[in-house]
Every structure is written in C-alpha cells, then in structure tokens.
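One structure is given below, encoded as structure tokens.
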Amino acid sequence: MKKIFVPLKRVPDWQLKVKPSADGLTIDQTNLKWIINTFDEIAVEEAIRIRDKGVGFTEVVLCMIGPKEGSEQLRSALAMGADRAIHIITDEDIDSSQATKILAHIVKRDNYDLVIIGKQAIDSDSGQTAQRLSVRLAYQQASFASKIDVDGESLTVVREVDGGLETLKLKLPAVVSTDLRLNEPRLRSLPGIVAAKKKPVEEIPMSDIPDVGSKKVKVRKLSVPPSRPAGQKVSSVSELISKLKEEKLIG
Amino acid sequence: MSSILVYIESLGGQLPKSSLPVISAALKAKSVLSINTVIGVLIGGQGTDEAAKLASEYGLDKILFIKSENAENYMAASYASVFAQIAKDNNSTLLMGPASSKGRDFLPRVSEILDAPQASDVIEILAGYTFKRPMYAGNLIAEVELEGDIKVLTVRTSAFPQPEKLSVSEVTEINIPVLKDENSVFVSYDTVKNERPELGEADIIVSGGRALKSKENFESVMYPLADVLGAAIGASRAAVDSGYAPNDWQVGQTGKIVAPKLYIAVGISGAVQHLAGMKDSKVIVVINKDPEAPIFEIASYGLVGDLFTVVPELIEALKAAKL
C-alpha cells in the first residue's frame, strides 16, 4: 500500500504577460489569471498513471501551499484523478527553503513513499524544492525526469541532462522532479470535475507547521528587462548577406 | 577568514569552454563583495588532475580537486556532500557553480545541507549579496538579496565572459571520500554524437522550429546551414517534442540558455519560453514565412519567406562569400 505525494504551486498564467507592481516588490495583481504550475501538472499526471498501473501504489495525495483562493487550482488538479489533497493555507510569499520544511513535515507525518514534483515553478524559476526535499527527507533523488518506470521497490528514471539522457535506478523512497517531456497532462472530464468537488481536502493553517524558519531570499526589486533595439526587415538573401558582412559575422 | 568556493565542471581531462565563465563570475564576486580568497573545486574521475591544472591559469587563489573512481559517474548526492564538506573545511561563505544540468541538480542539495539560501540562474552580482536573476521565464528581472551566514548561487554562464589567463594558482588534491549509495545507481548516459560545436560554446547557432515539418527536413535544411557556418544547431521546444531534434538541442527557458554572436532562427514562431533562451544573442536573424510571427519583434534582421527556398539560397550565398 504505497502512496504518492505531489506538491503543487499556484502560479500566474504564462500566457499573460506579468508586470512589476508600482513599488517594484512583487507583480501587478490586476487581471492575473492563476494556473497550476506547468511542471507540477505533469507531476500529477505521472502520479495518476503510476497509481493506475497497479504496481502497489494506491493513493495520490496533492499538497498546495498558498492562499485560500488556491483551492480552485487544487480542485482542478483533483479533477484529473488524484484521491485527496492537503492545503497549507498562507498569504505569505515563502522561499524554497521554507516550502521544503513545510512539505517535509507533511511527508514525514503521512509517510509517503514517492514524491513527484515539478522541476521548477514557472514564476520564481528557482528549481530547488525537489532537491532540497530529497536531502531533508533522506530520500533518493532523480531530477529532470523524462521517463519513469516503476518496478516494485525501485524506479528507473531517464533524466534530461546536458549532452543527452541519463538513466538512474533508485530504491524507494524517492523524490523525482518532472521535465516537460515526461507526459502530456490529461484534460479534465465532466465526471472528474464533479467527483473532485466531493474529494477530501485537509486545510492546515501554515502557522500550525513547526519550524518553517524565516525567509532568506528577498526580492528587492522587479523590473522589465531592457528591450532589444528595433531591428529591420531585409528583402532578400543577398541583402541579408551584406548585413552579416557589415556586422563582420561572415567573411 | 572566509572564502568563495566555486565548482568548475570538468569532462574527463578537459575543461569545456562553457565551464569557464563561472570563474569570471567568482572573480567578480570576489571584488564586489571584498572577499579575500576564491577557491576553485573540481570533482571527477580519471583526468580530473589534468583539468585542475587547466583551471589553475585564470587567477583563482587556489584550486582543489577530488579524483575518485566513485566520482567517475556524476551522482547528485555524493557530489553535494563532498562540495558541502569542502565548504565547511574552508570556511566558505559564498558557494557558486554553473546553472548547468549538474549545477542545477546538486547545488540546491548543498544549500539544504548547509541550510543556506540560494539564488538560481544569476546574471549579475551586485553589492550587499544582492543578485540579478530572471523570473517569470525572463519576462522580469529580479534583484534578490540573500540573508544568512552562507549563500549559494547558480550562475547563468552565458551572462558572464570567458576568463582571461592570469596568474597560476596552486593546485592541491584533497582526499575526502566520495561515498556511493547503493540505493541510487547510475545505469547509463546516452549522448548524441555531435561533431559540431556545443550550444553553450558556439559563436553561431542555427535553430529550427516546427515549420520544418519533419526530422528529414530538419536534417536536410538545418545541418548544411550549420556546416557552412561552423555553427551549433538548436531547436525550438515544438521541434524537439515532435522528434525533429534531440532534447539536448532545445533552446529556451527550460532548455539551453544561449547568447551567441549570431543566432539564426528558422521556422520558429517565437513562443515566450523560446525567446527567454536566446534573446540575449548579439545579432538575431529570423527567417519565417509568417510576417506576424512574434519572433520578428526581437530580430536584428528579419527575412519573410519560405524557409525551404530561402535557406538553400542562403547556404549557396554563404559558400560563395567564403571564396
């Protein structure tokens, strides 16, 4: 009876351009649309597929750290087919080290065998939580997974690395972080959405979690990167060649 | 006395060009933060002593290396525990390494072992332990301050220059045991044979997208273009997902971040996540038949046309220009 734990983060929709807030300390909150972090959604999909293979995993449990309104994204992930969820409620913006401490607390409390988590959140782009969690739990680690095969007590993971693909074999318990090509998350079905409304969600105020520590990564300023100087259209290959010669890029 | 510890990635007895900018970043941190000592660290199997010698020519204060059979194949847990131990032994307060697949994999472990904050993918080092780094797929640049006795960085190597050859530093082998964990076993590393320059090192990159329509087209159009320019080949996520090119060639926020002298984008529409990986290239040439493609907005030179006629024409013209 093994259980899979999938942490989720609620992030601004990547299809809408984010802007800095007036004080430059966060992002402009007007007209934001929230989604499940792309890589975490892949993690939910993979967890459900592993459970449904009938290789000893019986439950997929989701965990979101975030404000009350995040329950919308949490229900949407439950609608994919996860069994239940834990919602750590806070309005605070925490760093990777704090998130790790919270998630580790829950994993230890409930004894999960496998943690599948996105390789990075597409808002902060830090890419630390999976690896930190592996250390804190003393679980085996495989990051940037593009293929996971489960075989009883062990996992074979193909990782996307510089230069090609690496394969690791890990004994459970383990933390695996997902890369883009691991799978394509399913669309929600109507019965799935209906069922999700009745699935149990345990709400825990963040203040109930011990030893979260203080935030040590502080954003002092957000700004829009300088834009490139306007370019020009060329009308033919020969014009392009003469431009590249002017730039001394070709002989 | 505190020190900066910088991980330098070696490959056999070699130091790939892409592993050197992290040295420039470390020297920059040394002057900005007024830390006395910068120590370079190499970890690996056979040839690591040779690579350490090569790394000693760039003005770091000291080079330490670990050469161990158990480090021949990279494993996150063993590299992290060794690196954290060296940091403790040298009273290091700033730890850094490249945001390569290894650096991104093991440095967050080091951060957790030392209970230290980390800034990922740093592009600029400012005073007061404040660092510039992209967030939101490069749509915003953040200045983040790290607080704590020990701080950890991964560095975006394309944002820092190649280091200059300076004074030669002392090279010392250290004997911290590299432990193997039987519960994590390296099975294989499958690399794509590639005679062309690496993406992270190339002065010129030609990159193909979905509009190439097939693996065969990708090969027959992009390979000869790369060959005539001596360029590396990149690909959009769509092209990689469709199997036109191997995963290691993907340029973008979640693939390789590159900043070559010349980037030629062929049949790439310009999704935000692709632009995040190449918009710092010096000159960007765009070839696309859709004049509305978003990638034209960042092009230095845009040519609207069918890639299947434009690229062969370009190859002939480049051959002629070389004569």
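Lettering of chains follows the sequences in order, A, B, ..., and the numbering in each one begins at 1.
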Residue B:Phe296 versus chain A: region with a heavy atom under 4.5 Å: side chain

Please classify the contact between B:Lys279 and chain A as side chain, backbone, both or neither, with a heavy-atom cut-off of under 4.5 Å. both

Quick check for you: to the nearest 0.5 Å, what is the distance between [X] atom [atom1] and [Y] atom [atom2]?
| X | Y | atom1 | atom2 | value |
| --- | --- | --- | --- | --- |
| A:Leu240 | B:Ile264 | CG | CD1 | 7.0 Å |
| B:Asn139 | A:Lys17 | CG | NZ | 5.5 Å |
| A:Gln232 | B:Tyr301 | CD | OH | 5.5 Å |

Please classify the contact between [X] and chain B as side chain, backbone, both or neither, with a heavy-atom cut-off of under 4.5 Å.
| X | result |
| --- | --- |
| A:Glu247 | side chain |
| A:Lys101 | side chain |
| A:Ser223 | both |
| A:Lys119 | side chain |

With side-chain hydrogen bond (donor to acceptor under 3.5 Å, both in side chains) as the test, would you mind laying out the steps for B:Ser120 and A:Gln128 before giving the verdict? CA-CA 8 Å; B:Ser120 304; A:Gln128 300 175 25; 3.2 Å; yes

Check against side-chain hydrogen bond (donor to acceptor under 3.5 Å, both in side chains), B:Arg109 and A:Ser134: CA-CA 8 Å; B:Arg109 290 188 71 93; A:Ser134 159; 2.7 Å; yes

Any heavy-atom pair between the side chains of A:Leu222 and B:Met135 that's under 4.5 Å? yes

For residues A:Ile250 and B:Leu229, determine if any side-chain heavy atom of one lies less than 4.5 Å from a side-chain heavy atom of the other.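 Yes, close enough: below the 4.5 Å cut-off.
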
With chain B, which of A:Ala142, A:Ser124, A:Ser177, A:Ser154 has the greatest number of heavy-atom pairs at distances under 4.5 Å?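 Option with the greatest count: A:Ser124.
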
Ranking A:Leu155, A:Leu244, A:Val219, A:Val234 by heavy-atom pairs under 4.5 Å to chain B gives rank one to A:Val234

Pick whichever of B:Leu199, B:Val304, B:Ile204, B:Ile284 has the most heavy-atom pairs under 4.5 Å with chain A.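 With the most close heavy-atom pairs to chain A, the winner is B:Ile284.
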
Can you list every salt bridge (Lys or Arg N to Asp or Glu O under 4.0 Å) pair that touches residues 196-206 of chain B, not counting sequence neighbours? B:Arg196-B:Asp227, B:Asp203-B:Lys261

Could you walk me through whether A:Arg181 and B:Gln250 satisfy the side-chain hydrogen bond (donor to acceptor under 3.5 Å, both in side chains) test, starting with their C-alpha distance in whole Å, then the side-chain angles of each, then the deciding distance to 0.1 Å, before giving a yes or no? CA-CA 12 Å; A:Arg181 275 173 281 278; B:Gln250 184 180 323; 2.7 Å; yes

